**Q** 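Have a look at the structure that comes next, please.
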There are 2 protein chains.
Amino acid sequence: MHFANKTKMDIIMSLRSRPMSVTEIVRKVGREQSTVSHDLRRLSRCHILHVKQKGKQRIYSLNKKTVVPILETVEKHVRKNCPRGCNL
Amino acid sequence: MHFANKTKMDIIMSLRSRPMSVTEIVRKVGREQSTVSHDLRRLSRCHILHVKQKGKQRIYSLNKKTVVPILETVEKHVRKNCPRGCNL
DNA sequence: AGCTTTCATGAATTATAATTCATATGAAAA
DNA sequence: TTTTCATATGAATTATAATTCATGAAAGCT
């Protein structure tokens, strides 16, 4: 599943397991630091992610309270309707 | 709320109340017929909408089973986190 | 203070998606 | 069977979003 954007979706999925610093996220999703940073900002703007400073790192975490339920409903839709992939 | 795209979101919201023909949808959302038609195709491709022929009309309806739950979780997120509008 | 690490930012580019315009198709009516 | 109404489609344009590149800022080390 990758709604509109692969990078943003990868970030969200990475943070689903645990909070991570930017460097960690960059390693995980395998794209440029600035690309990731821009997406982190976009995702934070609409409160999909939270940030907290920790030394010189910034730890991003998923707003699980509201976002996980969204992911689950979407995943259910995809499983039911487009199991062979779909560009939702 | 209007995720990525206003037109598509307007279509979805219109169909939330009841199934409609293309002409009805066009009137409701107030955009060009071809624009609406393209969006209807995109939305149908990922099974967000269903279609059935009725004479020379095509009646589009929302796939309520999976889509309404998605809408509800998203709306919850928006209410909680960005009540003053947000470009989620 | 100077250096390094970590991350953010803005402007420019590139990629992707939405809209329009013109036209086609298909079903029913005349 | 021609015409009309309802809708779809493709190509071209336009709008919007994502990526890159270069640089900047802050925190912590030495």
Side-chain angles (χ1 to χ4, degrees), chain A residues 1-15 18-63 67 70 74 78 82 85-88, chain B residues 1-15 18-63 67 70 74 78 82 85-88:
Chain A
M1 176 195 20
H2 75 298
F3 305 96
N5 186 244
K6 179 85 161 56
T7 304
K8 286 202 288 209
M9 209 57 211
D10 285 354
I11 292 173
I12 289 174
M13 287 316 185
S14 299
L15 295 176
R18 61 183 176 80
M20 296 168 80
S21 74
V22 176
T23 306
E24 286 180 294
I25 298 171
V26 167
R27 274 211 323 275
K28 193 97 198 257
V29 306
R31 344 181 83 82
E32 292 232 340
Q33 181 266 316
S34 76
T35 301
V36 169
S37 204
H38 276 127
D39 276 345
L40 288 172
R41 188 154 66 85
R42 288 165 196 145
L43 290 168
S44 300
R45 261 211 307 265
C46 36
H47 304 86
I48 305 242
L49 304 182
H50 296 134
V51 212
K52 64 173 178 179
Q53 192 88 20
K54 189 186 178 185
K56 54 182 170 186
Q57 312 193 105
R58 271 157 193 255
I59 308 298
Y60 281 88
S61 59
L62 189 64
N63 177 0
V67 177
I70 294 173
V74 172
V78 172
C82 20
C86 153
N87 41 319
L88 190 86
Chain B
M1 173 194 28
H2 74 298
F3 306 92
N5 185 245
K6 179 85 162 56
T7 304
K8 287 202 287 211
M9 209 56 211
D10 285 353
I11 291 173
I12 290 173
M13 287 317 183
S14 299
L15 295 176
R18 60 184 177 80
M20 295 167 79
S21 73
V22 176
T23 306
E24 286 179 294
I25 298 170
V26 168
R27 275 211 322 276
K28 194 99 197 254
V29 307
R31 344 182 83 82
E32 291 231 342
Q33 181 266 317
S34 75
T35 302
V36 170
S37 202
H38 276 126
D39 276 345
L40 288 172
R41 188 153 65 87
R42 288 165 196 145
L43 290 168
S44 301
R45 261 209 308 263
C46 36
H47 304 86
I48 304 242
L49 304 183
H50 296 134
V51 212
K52 64 171 177 178
Q53 192 89 20
K54 188 187 176 185
K56 53 183 167 184
Q57 311 192 101
R58 270 157 194 257
I59 307 299
Y60 281 88
S61 59
L62 190 63
N63 176 0
V67 177
I70 295 173
V74 171
V78 172
C82 21
C86 155
N87 40 318
L88 190 87

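Letters go in sequence order (proteins before strands), and every chain restarts at 1. Note that this is a predicted model, so its numbers are computed, not measured.
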**Q** Would you grab the first and last nucleotide of DNA chain D (5' to 3') that comes under 4.0 Å of any non-hydrogen atom in chain A?
**A**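 Counting from the 5' end, contacts occupy dA18(D) to dG28(D).
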**Q** Could I get the full list of side chain to side chain donor-acceptor pair (under 3.5 Å) partners for T7(A), not counting sequence neighbours?
**A**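 R31(A).
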**Q** Got a sec, which residues hit side chain to side chain contact (heavy atoms under 4.5 Å, CB included) with S34(A), two or more places apart in sequence or on another chain?
**A**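 So S34(A) forms a side chain to side chain contact (heavy atoms under 4.5 Å, CB included) with E32(A).
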**Q** Have a look at R42(B) and say if it touches a base, only the backbone sugar-phosphate, or nothing, with a 4.0 Å heavy-atom cut-off.
**A**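 Answer is base: heavy atoms of R42(B) come under 4.0 Å of a base.
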**Q** Just wondering, do I59(B) and V51(B) contact through their side chains at under 4.5 Å, heavy atoms?
**A**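 Not in contact.
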**Q** Among I11(B), I12(B), N63(B), whose side chain to side chain contact (heavy atoms under 4.5 Å, CB included) with I48(B) holds?
**A**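 Answer to the side chain to side chain contact (heavy atoms under 4.5 Å, CB included) test with I48(B) among I11(B), I12(B), N63(B): I12(B).
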**Q** List in chain and number order the residues that pass side chain to side chain contact (heavy atoms under 4.5 Å, CB included) with K28(A), two or more places apart in sequence or in another chain; answer none if no residue qualifies.
**A**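 Result, side chain to side chain contact (heavy atoms under 4.5 Å, CB included) vs K28(A): S14(A), M20(A).
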**Q** Where is the tightest heavy-atom contact between C46(B) and C82(A), given as atom of each residue plus distance?
**A**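 Taking C46(B) first and C82(A) second, the nearest heavy atoms are O-SG, 4.3 Å.
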**Q** Who passes side chain to side chain contact (heavy atoms under 4.5 Å, CB included) against V26(B), sequence neighbours left out?
**A**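 Result, side chain to side chain contact (heavy atoms under 4.5 Å, CB included) vs V26(B): V22(B), Q33(B), V36(B).
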**Q** To the nearest Å, how far apart are Q53(B) CD and dG26(C) P?
**A**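 Value for this atom pair: 11 Å.
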**Q** Expressed in angstrom and rounded to an integer, what is the separation of E24(A) atom CD from dT6(C) atom C1'?
**A**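 Spelled out: CD on E24(A) to C1' on dT6(C) is 12 Å.
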**Q** Starting at the 5' end of DNA chain D, which residue's closest nucleotide do you reach first, K56(B) or Y60(B)?
**A**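 On the 5' side of the pair lies K56(B).
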**Q** Quick test of your reading: applying salt bridge (Lys or Arg N to Asp or Glu O under 4.0 Å), list the pairs with at least one residue in residues 41-58 of chain A, sequence neighbours left out, ordered by first then second residue.
**A**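 Passing the test, one end in residues 41-58 of chain A: D39(A)-R42(A).
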**Q** Enumerate the residues from residues 27-40 of chain A whose closest heavy atom to DNA chain D is under 4.0 Å, giving them by residue number; use none for an empty result.
**A**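 Those residues whose heavy atoms fall under 4.0 Å from DNA chain D, taken from residues 27-40 of chain A in numerical order, are E32(A), S34(A), T35(A), H38(A), D39(A).
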